[in-house]
Amino acid sequence: MTDFSVSTGDGAVLKASREGAGAPLVLVSGLGGTAGFWAPVAARLRDRFEILTFDQRGIGASTRGTAETDIAQLADDVQAVLDAAGIEAATIVGHSTGGCIAQSLAARAPERVTGLGLSATWLRPSRYMTALFRTRLDLLRHDPVAYTATATLISYAPEWLEANWSAYERAVAKAPTSDTARQVVAERIEALLAFDGSASASQLTMPAMIIGAADDMIVPAFLQRDLAKALPAAPLTLLPEGGHFFPASRTDAFVTAVTDWAAGLR
């Protein structure tokens with residue numbers, strides 16, 4: 001693995017890494033924004049692809065910068081990572097909020113995207129998601145530890161989390177308790193709630209795939225089906241279970257779906 005830094009025009013410094021060999025594949029994480037989310041997936045994909053991951057602005061080892069954090073800016077940051085890595089175009093796989101970022105990048109700079117993998121993501125906000133994230137936002141402001149605890153409990157399939165309780169303990173230990181950390185998370189929630197890709201869906205003509213889990217309580221399966229209707233050429237894989245974080249809890253199934261689809265891009 002090779003680590004590198006990416007400087008953006010507004011002063012953010014993004015910490016990124018690349019590993020493996022093959023066609024370039026950028027993994028874009030969701031609300032949490034960390035490269036570490038993809039560790040189990042990258043470990044299984046690096047013998048087939050050159051994997052790029054990064055901490056998003058204000059998250060982990062990356063600094064915040066001065067630009068407004070919205071989905072368009074986060075898509076520009078992915079372009080900055082590609083530029084710094086010397087990669088003209090890559091397959092982009094985004095999970096949850098990362099899928100919104102991937103859609104934005106594909107609409108704004110289609111020449112940079114050879115394939116579009118959309119994992120547990122959505123086309124436009126629904127009443128369910130809006131109510132859920134507004135409630136989470138209120139909880140974040142008043143009790144960030146409870147925010148993190150409940151977020152973790154609803155992100156994993158209960159049986160998997162019971163058997164892997166250290167995932168809960170690690171998450172709660174990293175709760176955004178400082179004012180700065182809470183502000184970063186809050187602005188990211190506002191950004192995801194503001195995203196609506198319906199107007200640009202027709203521009204997403206590159207090969208695409210959609211994957212979700214039937215028991216996802218954060219981005220429910222009906223949103224995956226709505227996205228598939230907007231992108232009729234994109235096959236939909238719906239795992240029977242796995243929760244919202246199915247790339248972690250159902251890693252083998254996720255990797256199989258991605259590799260089987262990506263094999264057709266070559």
Side-chain angles (χ1 to χ4, degrees), residues 6 8 10-16 27-39 53-78 80-81 94-104 119-122 124-126 128-156 161 167-196 216-220 223 243-248:
V6 181
T8 69
D10 69 300
V13 178
L14 312 178
K15 297 301 182 181
L27 300 174
V28 186
S29 55
L31 176 59
T34 64
F37 174 79
W38 294 108
T53 57
F54 66 102
D55 287 343
Q56 294 174 31
R57 58 174 56 231
I59 301 294
S62 294
T63 61
R64 167 67 180 77
T66 60
E68 179 181 357
T69 296
D70 55 21
I71 297 300
Q73 178 60 59
L74 296 175
D76 287 346
D77 290 346
V78 178
V81 171
H95 181 77
S96 195
T97 303
C100 301
I101 297 168
Q103 290 177 66
S104 179
S119 171
T121 193
W122 62 96
R124 63 175 70 86
S126 67
Y128 175 91
M129 273 194 64
T130 299
L132 174 64
F133 278 96
R134 287 295 174 202
T135 301
R136 292 180 65 186
L137 189 58
D138 189 56
L139 189 56
L140 169 69
R141 289 167 174 156
H142 291 91
D143 191 339
V145 175
Y147 162 84
T148 304
T150 56
T152 307
L153 290 168
I154 65 174
S155 292
Y156 291 102
L161 190 58
Y168 174 86
E169 295 171 333
R170 288 194 302 271
V172 172
K174 296 179 180 178
T177 54
S178 72
D179 290 344
T180 299
R182 285 199 301 274
Q183 178 59 33
V184 167
V185 177
E187 65 188 12
R188 290 173 64 82
I189 290 176
E190 295 289 1
L192 71 86
L193 286 173
F195 174 77
D196 186 340
D216 188 339
M217 292 180 62
I218 294 180
V219 185
L223 291 174
H244 184 59
F245 283 167
F246 57 82

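Computed from a predicted structure; not experimentally measured. We count residues from 1, following the sequence as given.
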Check whether the side chains of Gln183 and Asp179 place a donor and an acceptor atom closer than 3.5 Å, and report yes or no. no
Please enumerate all residues that pass side-chain contact (heavy atoms from CB on, under 4.5 Å) together with Leu153, with sequence neighbours excluded. Leu161, Trp165, Tyr168
Those residues at least two apart in sequence (or on a different chain) that pass side-chain contact (heavy atoms from CB on, under 4.5 Å) with Asp138 are His142
Give me the atom names and distance for the closest heavy-atom approach of Pro144 to Ala175. O-CB, 3.8 Å
For Thr152 and Ala167 the tightest heavy-atom approach is CG2-O, 4.4 Å
Side chain to side chain donor-acceptor pair (under 3.5 Å) against Thr53, all qualifying residues, sequence neighbours excluded: Ser17
Please identify each residue that fulfils side chain to side chain donor-acceptor pair (under 3.5 Å) with Arg141, with sequence neighbours left out. none
When you look at Thr34 and Lys174, which way does the side-chain contact (heavy atoms from CB on, under 4.5 Å) test go after all the steps? CA-CA 12 Å; Thr34 64; Lys174 296 179 180 178; over 6 Å; no
Using the ring-ring contact (aromatic ring centres under 6.0 Å, His included) criterion, which residues pair with Tyr156? Sequence neighbours excluded. Trp160, Phe245
Sub-3.5 Å donor-acceptor pair from the side chain of Thr130 to the main-chain atoms of Ser126, do we have one? yes
Across all chains, not counting sequence neighbours, the side-chain contact (heavy atoms from CB on, under 4.5 Å) partners of Ala120 are His95, Asp216, His244, Phe246
Got a sec, which residues hit salt bridge (charged side-chain N to carboxylate O under 4.0 Å, His left out) with Asp70, two or more places apart in sequence or on another chain? none
Sequence neighbours excluded, which residues qualify as side-chain contact (heavy atoms from CB on, under 4.5 Å) partners of Thr66? Asp10
Residues two or more places apart in sequence or in another chain: which of them pass side chain to side chain donor-acceptor pair (under 3.5 Å) with Asp55? none
Applying side-chain contact (heavy atoms from CB on, under 4.5 Å) between Gln73 and each of Asp77, Ile71, Thr69, report the one that passes. Asp77
Taking Thr148 for its side chain and Ala171 for its backbone only, find out whether a donor-acceptor pair lies under 3.5 Å. no
If a pair satisfies salt bridge (charged side-chain N to carboxylate O under 4.0 Å, His left out) and one of its residues is in residues 183-193, list it, with sequence neighbours excluded. Arg64-Glu187, Arg134-Glu190
